[in-house]
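In what follows, a structure is listed as structure tokens, so that the remarks can point back to it.
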Amino acid sequence: MGSRSIKQRLGSSGGALRCSIPGCRNPTMRVAGTGLAAFHCRRHVEHKARHGSHWHGTYSAAELKPYLAAATSYIRLRAESDRFIKAALNAIALLLEEAGPSEIATRLRGMSATKRARIALARLRVAGIKPERSSPSDWLSEH
């Protein structure tokens, strides 16, 4: 499946000529010869890589705050009586404890996703974030 296969896929005519996002007039990556995306241009493919959607941006902290407050109050209310929530909080605490050393963001390049996740957990531990998060406003102000 080496470079010959990629060259064949780049040369295939499958897909669209223009990006499928309404209002975008750019050619698809496949048509432009810059990638294999058959229905989106480079700009929208990169947007999806950053935000998780080809067209929608990342939700702001203000938009997420009510949901975080509801989840935090539910966990606080049920943490003692619900054994599943208690087990989940204990598992998160264990993950934070065993995450390993914290690294700065500039040293993450080239690391596997698993190692990056462990470093992210270590950063949460260093920042003093508890598994149950004492207060949503405290957590949002720290990030």
Side-chain angles (χ1 to χ4, degrees), residues 1-10 12 14-32 34-143:
M1 200 148 194
S3 63
R4 183 180 300 160
S5 176
I6 292 174
K7 287 179 184 176
Q8 287 173 347
R9 286 190 281 171
L10 275 172
S12 70
L17 295 176
R18 299 253 179 242
C19 182
S20 64
I21 302 299
C24 183
R25 309 280 300 157
N26 296 330
T28 64
M29 287 182 75
R30 184 174 288 178
V31 169
T34 59
L36 297 176
F39 297 102
H40 297 97
C41 65
R42 179 180 201 93
R43 180 176 149 236
H44 286 105
V45 168
E46 289 174 356
H47 191 274
K48 183 176 187 215
R50 282 190 308 273
H51 302 286
S53 168
H54 286 103
W55 63 88
H56 191 276
T58 303
Y59 292 101
S60 69
E63 291 173 309
L64 294 175
K65 193 172 184 175
Y67 300 102
L68 183 59
T72 303
S73 67
Y74 181 82
I75 288 173
R76 194 178 307 127
L77 184 68
R78 302 277 181 142
E80 293 302 317
S81 61
D82 191 330
R83 65 182 174 156
F84 295 109
I85 290 178
K86 191 182 291 187
L89 291 174
N90 288 336
I92 293 170
L94 184 64
L95 283 172
L96 289 171
E97 190 176 310
E98 295 179 346
S102 176
E103 292 281 339
I104 59 174
T106 57
R107 295 187 185 154
L108 298 180
R109 188 176 192 149
M111 291 185 184
S112 69
T114 304
K115 187 154 179 127
R116 287 178 184 220
R118 287 189 175 276
I119 290 171
L121 288 170
R123 286 173 151 177
L124 290 175
R125 182 192 65 233
V126 169
I129 305 295
K130 302 286 184 210
E132 59 276 351
R133 293 181 182 160
S134 60
S135 157
S137 58
D138 293 343
W139 189 85
L140 287 173
S141 67
E142 291 177 18
H143 286 45

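Values in this document were obtained by computation on a predicted structure and should not be read as measured data. One-based numbering along the sequence shown.
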query = Are R76 and E132 side-chain neighbours, meaning at least one heavy-atom pair lies under 4.5 Å?
reply = no

ask   = Any idea which heavy atoms bring H51 and H56 closest together, and the distance?
value = CB-O, 3.6 Å

note = salt bridge (Lys or Arg N to Asp or Glu O under 4.0 Å) filter on E46, not counting sequence neighbours, yields R42

ask   = Got a second to check how far R30's CZ is from L17's CG, nearest 0.5 Å?
value = 12.0 Å

Tell me which donor-acceptor pairs under 3.5 Å the side chains of residues 116-123 have, and how far apart each pair is, sequence neighbours excluded?
unit_1, atom_1, unit_2, atom_2, d
R116, NE, L108, O, 3.3
R116, NE, M111, O, 3.4
R116, NH2, L108, O, 3.1
R118, NH1, E98, O, 3.4
R123, NE, E103, O, 3.2
R123, NH2, E103, O, 3.3

note = Minimal heavy-atom distance between C41 and N26, with the atoms involved, is CB-CB, 3.6 Å

key: Pairwise distance CG(D82) to OH(Y74) - rounded to 0.5 angstrom   = 6.0 Å

Residue list, side chain to side chain donor-acceptor pair (under 3.5 Å) with S60, at least two apart or on another chain = E63

Minimum side-chain heavy-atom gap V45-M29 below 4.5 Å = yes

ask   = If you round to the nearest 0.5 Å, how far is CG of N90 from CD1 of I85?
value = 12.0 Å

query = Is the number of heavy atoms from other residues, nucleotides or ligands under 6.0 Å of R109 CZ greater than 12?
reply = no

Shortest non-hydrogen separation from A99 to R125 and the atoms involved = CB-NH1, 3.8 Å

message = Checking R18 now: which residues fulfil salt bridge (Lys or Arg N to Asp or Glu O under 4.0 Å) with it, not counting sequence neighbours?
response = none

ask   = Sequence neighbours excluded, which residues qualify as side chain to side chain donor-acceptor pair (under 3.5 Å) partners of S53?
value = none

task = Name all residues meeting the side chain to side chain donor-acceptor pair (under 3.5 Å) criterion together with S20; count only those two or more places apart in sequence or in a different chain, and write none if there are none.
result = H40

message = So does A69 get a backbone contact from the side chain of T72, meaning a donor-acceptor N/O pair under 3.5 Å?
response = no

inquiry  = So does A16 get a backbone contact from the side chain of T28, meaning a donor-acceptor N/O pair under 3.5 Å?
reply    = yes

query = Between CG of L89 and CD1 of I75, what distance do you get to the nearest 0.5 Å?
reply = 6.0 Å

task = Identify the two heavy atoms, one from L96 and one from I129, that lie closest to each other, and give their separation to 0.1 Å.
result = CD1-O, 3.8 Å

